[in-house]
A.B. asks: 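Pasting a structure here, questions to come.
The figures that follow rest on heavy atoms only: side chains count, while hydrogens, waters and symmetry mates do not. In what follows, every chain begins at residue 1, and chains take the letters A, B, ... in the order their sequences are listed.
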There are 2 protein chains.
Amino acid sequence: MYTIREASTMTGFSLDTLRYYEKMGLIHPTLRKSGGVRMYSADHVHHMMSIKCLKQSGLSLEDIKEFIADGQCFRNKEALDDEELKLIQSRMSILSAQLDRLEEQRQALDKTISEARTKLDYYEQLMHS
Amino acid sequence: MYTIREASTMTGFSLDTLRYYEKMGLIHPTLRKSGGVRMYSADHVHHMMSIKCLKQSGLSLEDIKEFIADGQCFRNKEALDDEELKLIQSRMSILSAQLDRLEEQRQALDKTISEARTKLDYYEQLMHS
DNA sequence: TCTTGACTTGGAGTCAGCTCCAGCGTTTAC
DNA sequence: GTAAACGCTGGAGCTGACTCCAAGTCAAGA
């Protein structure tokens, strides 16, 4: 188990940011020591790392919340009832919309990276001429 | 030549955003009609499209400003004086720092995309079982 | 027991990036 | 000649994502 400070140094998020993410519903520290002190498990830290990755790929906190909102559900089921079917369909449409946006973003990013390389090459050549 | 409204519909930026980008130093409409009305050339619109792409790849306006701050310089020069050398070196270090960040971001993005696909596949399977 | 240090909360402040608005100036159509 | 449509400016307001702060709780050490 880790304190918020340890989690902070492990993940690179500030103390305030971790508490903020909790308030926003991205992280749920289950245990509290006396005095209400938060304790995080290794799983929590792992989860934070995922959030870090999602953030770095440019998703908003709202998007991240949607993205990670399905850890538990529907495992080992034989049949699905109407409720579950609707839930899955809604999750799928959210996810595929996100996927579309991410792929567009990837195209833009690739273009930007190759442009940056071109510029750098140009300067490189200029220096050694 | 295009009015700001035409440029807006062509690029998808709002009127206010285009004016804001001008104030921030990202766009420089050279001509003004009487009454101070902005006129944009095809080149301007093209430039806006570049900005759009840079934005979509996740750069901040400040980053974009740095990224595009070299359209003109140092073409067809045989020798470079000290001033120019320093300028080029500073541009190179900015660009390569940006490139590093962009490549990190690309890795994160790839990971996120493949995770999204995995999730979608999982739901897909669930539906057809 | 008292102090020190790490943690808590709620709320205010900050910054980027817009977005909206009031009040004004042109141009165009009737 | 006047009303509608479009544009201008300066400044206020808004959202997202933090960041900072004051006042309080708790545990451990001198």
A.B. asks: Which whole-number value in Å describes the distance from A:L15 CG to C:dT8 P?
C.D. replies: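 In whole Å, C:dT8 P and A:L15 CG are 8 Å from each other.
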A.B. asks: May I have the distance from A:D16 (atom CG) to D:dC21 (atom C1'), rounded to whole angstrom?
C.D. replies: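 Those two atoms, CG and C1', are 10 Å apart.
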A.B. asks: Choose from C:dC7, C:dG17, D:dG7 the nucleotide whose nearest atom is closest to any side-chain atom of B:R5.
C.D. replies: D:dG7
A.B. asks: Considering the options B:V45, B:T11, B:T9, which one meets the side-chain contact (heavy atoms from CB on, under 4.5 Å) requirement together with B:Y2?
C.D. replies: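 Among B:V45, B:T11, B:T9, the one that satisfies the side-chain contact (heavy atoms from CB on, under 4.5 Å) with B:Y2 is B:V45.
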A.B. asks: Of the candidate nucleotides D:dT19, D:dC18, D:dG7, which contains the atom at the shortest distance from the side chain of A:Y21?
C.D. replies: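 Nearest listed nucleotide: D:dC18.
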A.B. asks: Could you state the atom-to-atom distance from CG of B:L61 to P of C:dT19 in whole Å?
C.D. replies: 12 Å
A.B. asks: Any side-chain N or O of A:T17 below 4.0 angstrom from OP1/OP2 of D:dA17?
C.D. replies: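 Checking D:dA17 against A:T17, no side-chain N or O comes under 4.0 Å of OP1 or OP2.
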A.B. asks: Could you tell me whether the phosphate oxygens of D:dC8, OP1 or OP2, come under 4.0 Å of any side-chain nitrogen or oxygen in B:R38?
C.D. replies: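 Result: yes.
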A.B. asks: Could you check which of D:dG7, C:dT19, D:dA17 has an atom nearest any side-chain atom of B:Y20?
C.D. replies: C:dT19
A.B. asks: Once rounded to the nearest 0.5 Å, what's the spacing between atom CD of A:E66 and atom OG of A:S90?
C.D. replies: 9.0 Å
A.B. asks: Would you say A:S34 places a side-chain N or O within less than 4.0 Å of OP1 or OP2 belonging to D:dA27?
C.D. replies: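 Yes.
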A.B. asks: As an exercise, state the distance from NZ of B:K119 to CG of A:L99, rounded to the nearest 0.5 Å.
C.D. replies: 12.0 Å
A.B. asks: Just compare C:dT19, C:dT9, D:dT19 and give me whichever is closest to any side-chain atom of A:R32.
C.D. replies: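 Taking heavy atoms from C-beta onward, the closest nucleotide is C:dT9.
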A.B. asks: Could you check which of C:dT19, C:dT9, D:dA17 has an atom nearest any side-chain atom of A:R19?
C.D. replies: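 Closest nucleotide to the A:R19 side chain: C:dT9.
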A.B. asks: Whole Å only: how far is the CG atom of A:L59 from the C1' atom of D:dA17?
C.D. replies: 14 Å
